[in-house]
Structure formats: C-alpha cells, structure tokens
Amino acid sequence: MLFNSLEYLIFLPVVFIIYWLLKNSYKKQNILLLISSYIFYGWWDYRFLSLIIFSSFLDYFVGQKIEDAIGDKNKKHWLLVSLFSNLGLLGVFKYYNFFADSFASTMSNIGWEVNDLTLNIILPVGISFYTFQTLSYSIDIYRNQIKASRDIVGFFTFVSLFPQLVAGPIERASNLIPQIERKRNLNITLIKTGIFQIFIGLFRKVAIADNLGIYVDSVYSNYEIHNSSTLLVATIFYAFQIYFDFSGYSDIAIGSAKLFGFKFNRNFNFPYFSRTLTEFWRRWHMSLSFWLRDYLYISLGGNRKGIIITYRNLLLTMLIGGLWHGSSWNFVIWGGIHGLFLSLEKYTFSALNIKTFNAFGYIYTFVVVLVAWIFFRAPDFHSASTIITEIFSFDYGPLFIGNINAFVNAVLLLLIGFLIDLKIFRSDVSLEEYGTRFSSVKLSIIVSIIILMLCLFYSTAENFIYFQF
Amino acid sequence: MNSEIIKKLLKIVVLTLLISYGLDKLVFFGLNKISDKVMTGQAIGKLNHFLSLKDNTDFLVFGNSRANRHIDVELFSDNGFNMGIDGVGIAYNSTLINTLNEEKKQLILVHIDTKNFIDANYDGSDIRGLKTKYQRDDKITDALNESGELSQLQRVFYSMNYNGNAIGILKNYFKPSYDYKTHNGYDPLIVNSDQETMRDLVLSKDNQNDECVDNPKINPLALRYLKSIKTFTEKSPNKTFLFVTSPMYNDTCSTDNKKLGEIMQDLGLTYWDFTNLYKDNKDNSYWKDKTHMSKTGAEAFSIFLLDKYKSNKI
C-alpha cells in the first residue's frame, strides 16, 4: 500500500479509530498494529510476508539466545547466526543476480564464457530496511546496549510497524521497542505535529518530487541527444526530486507514527543546507548514515586506528552504503565518490586545522552531491559517464523544455518547496515540531491549502524512489 | 485519548473538511471563469477554441501530436481546424467527435496511430485531458463517467479537474501564446540549423521493436472507442469521414498496420495507411524525429493527401 494512495487515505483513519478504541490495553493495540502492518505490506505482495515473519522469528529467538549465552564466544556465535541469516536473505534476494552477472562478465572478459547464472528473483519491498533494523537489534543486545525482547507480538510489531516498514526510517530497537512495550498516549502536540508532517510530506512527494520527475525522466531517457544545459538542469531537478521524494516519505511515516503515539527519529534535516559533505551525511537519510556509522564504521575501527585506517574505513563504509542502495556498480561508485570526498574533507580539516568551510562550502557540497547523483540516476556506468562528460563540456546551448506546462509547474513547486524548507530551517523549531506553532484553526487552513495545492498539482508516479532499495 | 483531545481532533478534522471544500469550490469556479476566456495553449485554450467553432467549420482534423504537426488544414479548406493534441489517443478523439452536430456537413479526418491500437497497456486515460469540461458539457461528462478514469475524489474536489493546468491557464489568460482568431490549429515543426545535428542523431539510432508479433491483438478499449466513432458516422450522413495514418521514418513492424487495416475494412471505414510513404526517402529534412515530420515533410504530405483525397472522390 502506498502512502499517496486512496487505500491509505481510508486505511489510516480506520486503523487510528480502532487503535484508540483499544486504548486500555497496549497489548491489544500491538496486535492490531501487527495485523494492520501485515495488511499494509501484503497489499503489495502477500507472499513476501513470509520473509518478514521468518526474519522476525529468527531475531526474536536469536536475541534471547545472545542475551542468555554465557561467555563472549557463545554470544558471538549467536550473533553470527543473526548476521549470516539476515545478510544471507539480503544477499539472495538483492545481490545474487548482481554478483552472478558481474562474475559472468569478468569471466567473459578473460575469454571464458559462463552460462547465464542469474535467477528470476523479485526484490521484496523494504527488505534492506527491515533487515538492517533486525540486525541492529541483535548487535545492540550483543553489545549489552539493550535487553532482548520477551514479548513476541511486541517484537514482531517492532520489525513490521507499517509507517516505517518499507522505506524507513530505520528505527533502532533502543528507541522503538520501549515505546511498543508500554502504554502510548495521544496528546494535542502529537496530533498537530503528526497531521502537519503528513501533509507536508504528501506535498513534497506528490506535488514537488513527482512533477520534477517528469522532466528528469524525459531527459535521462534520451540523454544522448541533450546538451550540457539540459543535462545539468535535469540533474539539479533530480537532486531535489530524490530529496523531496524520500524526505516526503519519511515525513508521512513519522507523522503517521505520531498519530499512534510513537516518536520516530528524524530522517532528514535540510541536507542541501550543508557546508561540508560530512554535514550533508548528518542531515541526509540520517537513520541510515547513523546506522552505518554505529554498526559498520565503528565496527571497522572508526578513527581509532590511525589516519590511513580511518580513510579506509570511511571509504569502505560509503562503498557498502552505496551497495546497500542497489545491486549495481553505479551505486558503488556513488558511495565511492562520497567516501573519497569525506576522506579528503577529513584530511583538509586536519591539515588546515579547521572544523568546517565558509559559505563557499554550500556550493562545493552541492556540486559533489550533484555529480554523485548522476551515477545514482543513470541506468549504467556508460550513460553516467556520458552525461558527466557532456555537462563538463560546457556546451550550454538552448535548454530543452519538453512539456511547457509540466516544466513551469516543476520550477514553481521547486521554488515553493525550497522556500518552505528555508523558512523552517531558519526558524528555531524543527519540521517535526513545527505543527505546534499553529492553532487548530490555523492548522486547518494550512492543511486545506496543501489539499488544494495537491488537487491542482498532483502528479502520478508509480512509486517512491526508495521502494526499489 | 480523553474527551478534550477527541474534541480538538474533531475540530481540526471538521474545519479542514469545511475549509478545503470551500476553498476548492472557490478556486474551481474562479478557474472556470478565467479558463472560459482562454483560447490559446494546447491543454485548455485549444479545446475551448474547438468547442466554440466546431459546428461552424467544414473540415476538422482529430488526433495526437502527429495529426497536429502533419496536416495543414488550410490546403483543404479556408474554414478548417486541426484539433490534434499532444499525447491524446482514440478515447479523447472519439469523445470530441461525438460532441459534433450530427446534421452539419463536414469532412472529418481522424488521424489513427496504429501503435495505439495494439498497445496492451492502453487504458484510455487520455480522456482525462477533457476533465476541465467535467460537469460543464453533458456529452463529455457522460463519456468521463463511463470511462471510470476520474478519481472518486474528483467528485468532491472539483479543482482536480484543473490538475496540472492552472499555471498554464493563468499564463494564457494574461499573455496568450498567439492570436487564436487567425490560428487554424496546425502547428508544424520547424527544424532550424542548430537542431539538424540532433535530429540526424535521433534518426540514426537503431529501431528497437521487440514487441512486433505476427498476429497482434487489438486493444479492446481502443476498439470500443473506434466503434463509437463508427456509430457516430452512421448517425451523420452529411459528414464524410476519412481515417489516416501519417508517415513514420522507419517503421520496422508492419503486422500491426495490416491488422488495423483489416479491422477498418470490417467496420466499413475509409482508412489510408501512409506509415511507409517516405520509408525509402532518405531526405532527413522531412523529419523532426522518427515519428514527427518537419514542416517540410508535413507540407509535402498534406499536398499528397489532398491530391489523393481529390482523386478518390470519397
């Protein structure tokens, strides 16, 4: 089920009403949330529910085994069971074909033809997200940071809670499980901030991102025939499309969760207002970047083992982070570019003894992010390199407009989105809390204006971009 | 959740419903007023222009961008109008044809895109291009209701009828794109010298037609709309209908053309398929891209079509 669908418009209020009718028993509410989450996921393909259930069972029992095990060796043994099982599932469903194909190409390049080893596998929606969520649960127990859950319904709800099931935010067990295993309350602050964030998210996704996507798709599908100006504008549009698409999704997820009394961690914090790439990663897809920092970068040694190992760890973390997004070398290169520039930044800060760049840093960060996005959006390495070559050939001829209505709408909505972001960024309240600034009447007027804007400017895209990951 | 919170929540919900409903109607009726005066621009203005003159012309062209760019109506009549619109299919055209006055004597040229008929994914959603006339033109409203292409929300939020078009309407209201009184709807594509290299590159790209099959299936929805035009032709003895497919640069699949030709013959409709008319003509100046002719090509084709029409005396 998609957040921007009529089904969700009915699903959310129905579950909300039943949920608060059961307010006297949080356990009954959890059962309802679990059933609702499975319906939400099964709406896409019920067969893959078995994977979530398997993953939940596995980590529920392994988590207890890690906690109960005596001695570090035994604990590690059970942790490895969790790591291999979860990463094994991810490997089969997400990466098998990628590695099989890469192997066949490599063999072919050295003159040894290999039969087609790829399999007809569908990538289950959300597998990368819930796998990371369950992995962090097991690792946190191993590190003695949390206790293993003994409430099976509660744990299954933690893995599958519908607002964050298919595209995050990747919630830590330390934040979410305690909320699931106790009584939730609804107050007017949660209602106001939740409603505001849901509608802002819808506007970001359905109006801004999807309208930008029309131009991006038309240019990137025929990139060979476009000049530098057109490819540059399409890439800038894509940078904002993916931001508004994913942050919009996160807003709807976080806002929906608030209506059920849950507080999720924020996932975006105006990433394009960053003066360094390091800052960008503290503001972009925060639940993933913090996950990679805490469970990969630090596990590799972080910055505790000397300067060379620190750079290696940064690069490796970003390469794996890139691969997490999808089974394509383009994602690895995307991660590599970020890893390389993060390392260069670290070196520069250390050499010049500074903590950040001046205002010029905003442009530097955006340019690096922009170039990396080309690898993210382009279908393969050849097309990405062609686009980059064309942009940097400075053949700035007339701009391709395509459908003039769609183009003007995209520019106007982008401007509105940017101004909203700037306004909230410069205020002393975060987007997550912004709804508290409004009275009930003012909030209703703002939501009504957003509804009107959605009616006038909605554009229909099949999916959220991050569903493919 | 205590009763105080329920009250506040209900207040927000009820207020939002009331304000959004009122705001929607205000904007909808405001846009109606403005859009009725807009006569330029493809999405709204051209449709308004067409509806204002459709029963006073003696030659009309219907179809998609290829009809719009390929058929010079002035060669056929001083009182003609080309109603070709980018991206529309048979659902849109069939609905507009059914709005015509049955008694009026007219030559109606319907441009048929063969691919439209064998595309299994064609769902008739192009009819949504008429949504600004929903609840404002009986025949269009009936056709939209029958198509099921409008969202249920559209029956509550009327401004959805102007989705994607509001800015264009305002722009064309304050600054019309052209003088509509002298415009006959034909919009040829001029390829200037800067665009020739890109055009040649586009034409040189390989045709990848993986979907060509020996016995293509006709899309039942497209066929239904075609039959609706056929029914209209039977009710309009004073009108002459001509169905035409204009040339393409290098169509590598002929089975779909053959299949559509058979269906047209079965329905008793006059159909001329010129898909491959210029296939062996390697003069790139005739083309803008693989499916659209340039002004040079369109004018040559229009003259050819007129000669054929005159010599065939339909």
* Asked: Can you name the residues that form a side-chain hydrogen bond (donor to acceptor under 3.5 Å, both in side chains) with A:His226, not counting sequence neighbours?
  -> none

* Within residues 192-203 of chain A, residues adjacent to chain B where the heavy-atom gap is under 4.5 Å -> A:Lys192, A:Ile195

* Asked: Hey, what do you get for SG (A:Cys455) to CG (B:Asn163), rounding to the nearest 0.5 Å?
  -> 8.5 Å

* Asked: Looking at residues at least two apart in the chain, or sitting in another chain, which of them share a side-chain hydrogen bond (donor to acceptor under 3.5 Å, both in side chains) with B:Asp137?
  -> none

* Asked: Atom OG1 in B:Thr197, atom CD1 in A:Ile225: separation rounded to 0.5 Å?
  -> 12.5 Å

* Flag side-chain contact, heavy atom, 4.5 Å: B:Leu153 against A:Leu9 -> yes

* Spatial distance of atom CD (B:Gln42) from atom CG (A:Asn403) [nearest 0.5 Å] -> 9.0 Å

* For A:Ser444 against B:Lys11, the heavy-atom pair lying closest together -> OG-O, 4.5 Å

* Asked: Side chain, backbone, both or neither: which part of A:Ile445 has a heavy atom under 4.5 Å from chain B?
  -> both

* Structure fact -> With sequence neighbours left out, the residues meeting side-chain hydrogen bond (donor to acceptor under 3.5 Å, both in side chains) with A:Asn187 are none

* More than 12 heavy atoms of other groups within 6.0 Å of A:Lys442 NZ -> no

* Asked: Do other residues, nucleotides or ligands put more than 12 heavy atoms under 6.0 Å from the CD atom of A:Glu224?
  -> yes

* To do: Decide yes or no on side chain to side chain contact (heavy atoms under 4.5 Å, CB included) for A:Phe457 and B:Ile167, but give the supporting numbers first.
  => CA-CA 10 Å; A:Phe457 295 107; B:Ile167 302 294; 3.8 Å; yes

* **CD1-OG1 distance between A:Ile449 and B:Thr16, expressed to the nearest 0.5 angstrom** => 11.0 Å

* More than 12 foreign heavy atoms under 6.0 Å from OH of B:Tyr178: is that the case here? -> yes

* **Residue A:Leu456 versus chain B: region with a heavy atom under 4.5 Å** => both

* Atom pair CG (A:Leu6) and OG (B:Ser151), whose distance is rounded to the nearest 0.5 Å -> 6.0 Å

* Contact winner vs chain B - A:Leu454, A:Leu452, A:Val447, A:Val441, heavy-atom pairs under 4.5 Å -> A:Leu452

* To do: Using non-hydrogen atoms and a 4.5 Å limit, figure out which bit of B:Leu31 sits close to chain A: side chain, backbone, both or neither.
  => side chain

* Asked: In terms of heavy-atom proximity below 4.5 Å to chain A, should B:Leu23 be classed as side chain, backbone, both, or neither?
  -> both

* Asked: Which bit of B:Asp86 comes within less than 4.5 Å of chain A, counting heavy atoms only: side chain, backbone, both or neither?
  -> neither

* Has B:Lys171 got more than 12 heavy atoms of other residues, nucleotides or ligands less than 6.0 Å from its NZ? -> yes

* To do: Could you pull out the closest heavy-atom pair between B:Ser20 and A:Ile451, with the gap in Å?
  => CB-CD1, 4.1 Å

* First locate atom CG of B:Leu9, then atom CG of A:Leu190, and finally report the distance between them rounded to the nearest 0.5 Å. => 12.0 Å

